[in-house]
> 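Structure incoming, see below.
A quick note: this is a predicted structure, and the numbers were derived from the prediction, not measured. Both backbone and side-chain heavy atoms feed into the values below; hydrogens, waters and symmetry mates do not. By convention in this document, chain letters (A, B, ...) are assigned in the order of the sequence lines, proteins followed by strands, and residues within each chain are numbered from 1.
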Amino acid sequence: MDHSLKIYNSLSKEKEIFQPLHPGRVGMYVCGPTVYSDVHLGNCRTFVSFDVIYRYLLHKGFKVRYVRNITDVGHLLDDGEDRMSKGARVSQLEPMEVAQKYSNGFHDMMRMFNALPPSIEPRATGHIPEQIEMVQTILANGYAYEINGSVYFDTLKFIQEKGIYGMLSGRKVDELIAESRELKKQDEKRHPADFAIWMKASEEHIMRWRSPWGEGFPGWHLECSAMSTKYLGEDFDIHGGGNDLKFPHHENEIAQNMGACRHTGAKYWLHTNMLLLNGRKMSKSDGNTISPVELFSGNSPHVSKGYSPMVVRFFMLQTHYRSTLDLTDEALQAAEKGYRRLMEANQALQGLAHPGPDIKGPLDEEIQTLMGQVEEEINDDFNTPKTLARLFELVSKINSLKDGHLSFEGLTSSTLDQLKTLFREFIFDIFGLQDEAQGGGDSAALDGLMQLIIEMRADARQRKDWPTSDKIRDTLKELHIQLKDSKEGTAWVKE
RNA sequence: GGUCGGGUGGCCGAGUGGCUAGGCAGAGGUCUGCAAAACCUCGUACGGCAGUUCGAAUCUGCUCCCGACCUCCA
């Protein structure tokens with residue numbers, strides 16, 4: 001059985017066996033959000049994907065330094081205005097207030113999705129000296145030029161000397177020349193493919209810092225180069241982000257890294273695919289959009305009801321991170337049921353006691369094989385849908401054992417224990433799911449109450465008092481509590 | 001237009017030369033006072049047209065359709 005981790009590298013366009021630069025340690029940088037408005041659901045998908053990757057690396061025993069930045073400067077709009085400044089102007093706040101407000105919202109959302117916080121969450125504005133230093137290095141190396149207080153990366157020269165520009169996005173410079181849009185300040189650039197690494201601040205520009213080239217602000221791509229270098233070194237293991245960042249952001253990042261320290265930065269580049277709504281890209285302008293909050297509350301024409309964060313997370317795991325994920329109401333409903341099935345099976349499993357005797361037979365082997373496959377699937381480029389498929393095959397076994405359709409004969413108690421551990425680890429530690437059916441703080445009282453009701457119904461059933469027992473069952477159903485009868489007694493679950 | 005990724009059973013979604021995931025929905029059965037839950041069985045799908053092959057959904061060519069990116073984007 002192959003237990004090595006394989007990762008698809010966007011740089012080589014192939015799956016490669018993961019070998020960390022330093023044994024036992026992994027450095028991972030993921031491009032975080034620009035905090036100028038509420039988090040987009042698509043952001044959530046990307047960060048949930050990397051959360052699973054982070055969690056799995058931790059599970060494998062790696063010491064992981066996970067850096068995910070917050071962009072709070074330099075990300076310009078079409079008209080040349082800074083996204084942060086615009087947010088500040090529109091709501092009459094300090095740019096830092098805008099950044100703080102949406103950072104808080106972003107963190108709240110990540111918590112709802114049960115995404116682990118990164119080890120370091122650096123902000124672009126907190127690393128202006130590092131960025132200025134990098135600009136100086138790139139200038140000194142001859143891959144940039146200064147004009148009127150702005151500094152541009154000399155893409156053409158870089159291409160001529162290094163010949164690697166475009167390796168990530170598969171782009172060619174001739175095309176870049178021919179198709180580049182008309183942009184403000186483009187006239188300053190020597191070549192349309194050049195990009196700003198330091199921008200001179202105009203009179204009305206609020207966010208500005210002193211630099212060797214006058215007052216200005218850093219270019220959008222620079223922060224990631226500067227901060228990844230600072231916290232992970234000139235060479236590190238994994239760099240991740242959304243597909244849409246491949247070009248120009250990551251392409252330029254690589255160019256900057258090469259321009260500054262002659263390294264590409266990360267060894268493995270991972271890109272998550274886009275989230276679609278009803279088969280097409282989410283877009284505010286044509287109404288084809290839904291926010292995380294709307295999705296949770298059901299307050300949107302695109303969904304028939306609300307879906308909990310864990311259902312949404314499970315839904316995301318059912319698709320591979322490199323495939324587009326199409327959000328539809330129907331698919332969410334299916335995911336909700338699947339999620340519950342998995343959770344309930346796990347609860348049943350954790351409660352299973354081996355009746356003995358402890359003998360190894362065909363069932364033991366079958367379960368061992370499936371458990372091995374679970375591990376194999378996640379090792380194959382974090383294939384969560386396939387991993388889930390394997391877990392669901394085990395769910396059938398678990399439910400059969402619980403219901404007595406399958407005998408414990410031939411299953412060792414050690415394998416049963418391993419299975420319990422495997423489920424706990426995959427569901428909670430790696431997939432990061434939480435059991436929402438497990439009641440909140442009032443669960444002790446509720447449990448007692450439900451126990452009483454279930455006993456009363458059992459009495460009624462013994463007396464063949466069907467109207468009473470059915471009334472209990474139906475009334476609870478209306479309260480979204482479902483009773484599940486089996487040979488072992490009655491269980492209940494919140495719907 | 002350029003670049004890239006797709007089109008898989010009613011829906012979602014893996015897979016990728018023969019052994020043909022999984023979830024949801026559906027049908028039949030077991031169980032049940034009746035249900036629900038659970039379990040068992042079932043559908044034999046891979047856009048179209050050619051070709052390679054003993055064998056293709058999987059490879060090649062052509063074609064149709066969809067999506068993303070092309071300096072706003074996770």
> For RNA chain B, what dot-bracket results from Watson-Crick or G-U pairs at under 3.5 Å, with [ ] for crossers and | for inter-strand partners?
(((((((..(((.....[...))).(((((.......)))))....(((((..]....))))))))))))....
> Output the single nucleotide from B:A35, B:A74, B:A37 whose closest atom is nearest the side chain of A:Lys484.
B:A37
> Whole Å only: how far is the CE atom of A:Met343 from the P atom of B:G23?
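My rounded result for the distance is 16 Å.
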> Would you call the rings of A:Trp269 and A:His271 parallel, tilted or perpendicular if under 30° counts as parallel and over 60° as perpendicular?
parallel
> In terms of the nearest nucleotide of RNA chain B, which residue is placed more toward the 5' end: A:Glu393 or A:Ser400?
A:Glu393
> What integer number of Å spans the C1' atoms of B:U16 and B:G55?
15 Å
> Of all residues at least two apart in sequence or in a different chain, which pass the side chain to side chain donor-acceptor pair (under 3.5 Å) check with A:Tyr143?
A:Glu161
> Between A:Asp447 and A:Gln451, do the side chains contain a donor N or O and an acceptor N or O under 3.5 Å apart?
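Looking only at side-chain atoms, A:Asp447 and A:Gln451 do not form any donor-acceptor pair under 3.5 Å.
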> Any base atoms under 4.0 Å from A:Gly279, or only sugar-phosphate, or nothing? Heavy atoms, all strands.
sugar-phosphate
> Which part of the nucleic acid, if any, lies within contact of A:Gln333, taking any heavy atom under 4.0 Å across all strands shown: a base, the sugar-phosphate backbone alone, or nothing?
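Result for A:Gln333 = nothing.
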> Can you identify which nucleotide, out of B:A21, B:A74, B:G33, has its nearest atom closest to the A:Thr34 side chain?
B:A74
> If you only use heavy atoms from C-beta on, which nucleotide in B:A35, B:C70, B:A14 is closest to the side chain of A:Thr319?
B:A14
> Taking the six-membered ring for Trp, are A:Phe296 and A:Phe113 closer than 6.0 Å centroid to centroid?
yes
> When rounded to the nearest Å, what value does the distance between C1' atoms of B:A21 and B:G9 take?
14 Å
> What is the distance from NE2 of A:His405 to P of B:A38, rounded to the nearest Å?
11 Å
> Output the rounded distance in Å from CG (A:Asn243) to P (B:C70).
11 Å
> How many angstroms lie between atom SG of A:Cys44 and atom CE of A:Met110, to the nearest 0.5 angstrom?
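One finds 4.0 Å between SG of A:Cys44 and CE of A:Met110.
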> How close or far is atom C1' of B:A74 from atom CG of A:Asp38, stated in whole angstroms?
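Roughly 15 Å, once rounded to whole Å.
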> At less than 3.5 Å, do the side-chain atoms of A:Arg473 and the base atoms of B:A35 form a donor-acceptor pair?
yes
> Just checking A:Gly241: base, sugar-phosphate only, or nothing, at a heavy-atom cut-off of under 4.0 Å?
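Sugar-phosphate only.
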> When the aromatic ring centroids of A:His239 and A:Tyr268 are compared, is their separation below 6.0 Å?
no
> For atom C1', what is the distance between B:A50 and B:U41, given to the nearest Å?
40 Å
> Do the side-chain N or O atoms of A:Arg45 get closer than 4.0 angstrom to the phosphate oxygens (OP1, OP2) of B:A74?
no
> Heavy atoms under 4.0 Å, any strand shown: does A:Arg390 hit a base, just sugar-phosphate, or nothing?
sugar-phosphate
> I need the CH2-P distance between A:Trp492 and B:A37, as an integer number of Å.
18 Å
> Can you figure out which of B:C40, B:C66, B:G22 approaches the side chain of A:Ser396 most closely?
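The nucleotide sitting nearest to the side chain is B:C40.
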> Map A:Lys15 and A:Lys397 onto RNA chain B by nearest heavy atom, then report which one ends up closer to the 5' terminus.
A:Lys15
> Does A:Gly32 reach a base, just sugar-phosphate, or nothing at all? Heavy atoms under 4.0 Å.
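It contacts sugar-phosphate atoms only.
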> What's the gap between B:C59 and B:G17 when it is taken at their P atoms, as a whole Å value?
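My reading of the P atoms in B:C59 and B:G17 gives 8 Å.
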> Considering only side-chain heavy atoms of A:His40, which listed nucleotide, B:A68, B:G15, B:A74, is closest?
B:A74
> Mind checking A:His320 for me? I need base, sugar-phosphate or nothing, with any heavy atom below 4.0 Å counting as a touch.
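Sugar-phosphate: the residue A:His320, judged by heavy atoms under 4.0 Å, touches backbone atoms but no base.
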> Is A:Ser486 touching bases, backbone alone, or none of the nucleic acid, heavy atoms closer than 4.0 Å?
nothing
> Looking only at atom P, what distance separates B:A45 and B:C40, rounded to whole Å?
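The same atom, P, in both gives a distance of 24 Å.
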> When you get a sec, tell me which of B:A74, B:A37, B:A21 is the closest nucleotide to the side chain of A:Phe47?
B:A74
> Would A:Phe392 pass as stacked on B:G23, i.e. its ring centre under 5.5 Å from the base's six-membered ring centre and planes under 30° apart?
no
> Could you tell me the separation between the CG atom of A:Leu332 and the C1' atom of B:G13, rounded to a whole number of Å?
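The distance from CG of A:Leu332 to C1' of B:G13 comes to 14 Å, rounded to the nearest Å.
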> If you check the A:Pro248 side chain, which of B:C12, B:U71, B:A14 turns out closest?
B:U71
> NA contact type, A:Lys337, heavy-atom cut-off 4.0 Å: base, sugar-phosphate, or nothing?
sugar-phosphate
> Quick one: are the ring centres of A:His221 and A:His250 less than 6.0 Å apart?
no
> Nearest whole Å is fine: how far is B:C66 P from A:Asn273 CG?
18 Å
> Does the ring center of A:Phe106 lie less than 6.0 Å from the ring center of A:Phe47?
yes
> Taking salt bridge (Lys or Arg N to Asp or Glu O under 4.0 Å) as the cut-off, I'd like each qualifying pair that reaches into residues 307-326 of chain A, sequence neighbours left out, listed once.
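Sorted result for residues 307-326 of chain A: A:Asp51-A:Arg313, A:Arg322-A:Asp381.
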> Contact class for A:Arg461 (heavy atom, under 4.0 Å): base, sugar-phosphate, or nothing?
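Base contact.
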> Picking from B:A68, B:G23, B:A21, which would you name as closest to the side chain of A:Ala389?
B:A21
> Counting any heavy atom closer than 4.0 Å, what does A:Ser469 reach on the DNA or RNA strands: base, sugar-phosphate only, or nothing?
base
> Looking for any heavy atom pair under 4.0 Å, which part of the strands does A:Gln482 touch: base, sugar-phosphate only, or nothing?
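It contacts sugar-phosphate atoms only.
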> On a whole-Å scale, what distance lies between the C1' atoms belonging to B:U60 and B:U52?
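Per the computed distance, 7 Å lies between those C1' atoms.
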> Classify the side-chain pair A:Thr71/A:Asn69 by whether it contains a donor and acceptor separated by less than 3.5 Å.
yes
> For A:Asn399, which contact category applies under a 4.0 Å heavy-atom criterion: base, sugar-phosphate, or nothing?
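Answer is sugar-phosphate: A:Asn399 comes under 4.0 Å of backbone atoms only.
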> Under 4.0 Å, counting only non-hydrogen atoms across every strand here, what does A:Ser323 touch: a base, just sugar-phosphate, or nothing?
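Here A:Ser323 touches the backbone only, sparing every base.
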> Is there a donor-acceptor contact under 3.5 Å linking the side chains of A:Asn257 and A:Ser225?
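Short answer, yes.
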> Considering only the C1' atoms, how many Å lie between B:C42 and B:G51, rounded to the nearest integer?
36 Å
> For B:U44 versus B:C39, give the span between their P atoms, rounded off to a whole number of Å.
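23 Å, rounded to whole Å.
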> Whole Å only: how far is the CG atom of A:Leu483 from the P atom of B:U32?
18 Å
> Give the nucleotide from the list B:A74, B:G15, B:G33 with an atom nearest to the side chain of A:Asp470.
B:G33
> Classify the nucleic acid contact of A:Leu275 as base, sugar-phosphate or nothing, counting any heavy atom under 4.0 Å across all strands shown.
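Since a base atom lies under 4.0 Å of A:Leu275, the category is base.
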> Of the candidate nucleotides B:A21, B:G23, B:A35, which contains the atom at the shortest distance from the side chain of A:Arg341?
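In terms of side-chain proximity for A:Arg341, the closest of B:A21, B:G23, B:A35 is B:G23.
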> Could you check whether A:Arg190 makes a cation-pi contact with A:Tyr152, meaning its NZ or CZ is under 6.0 Å from the centre of the six-membered ring and within 45° of the ring axis?
no
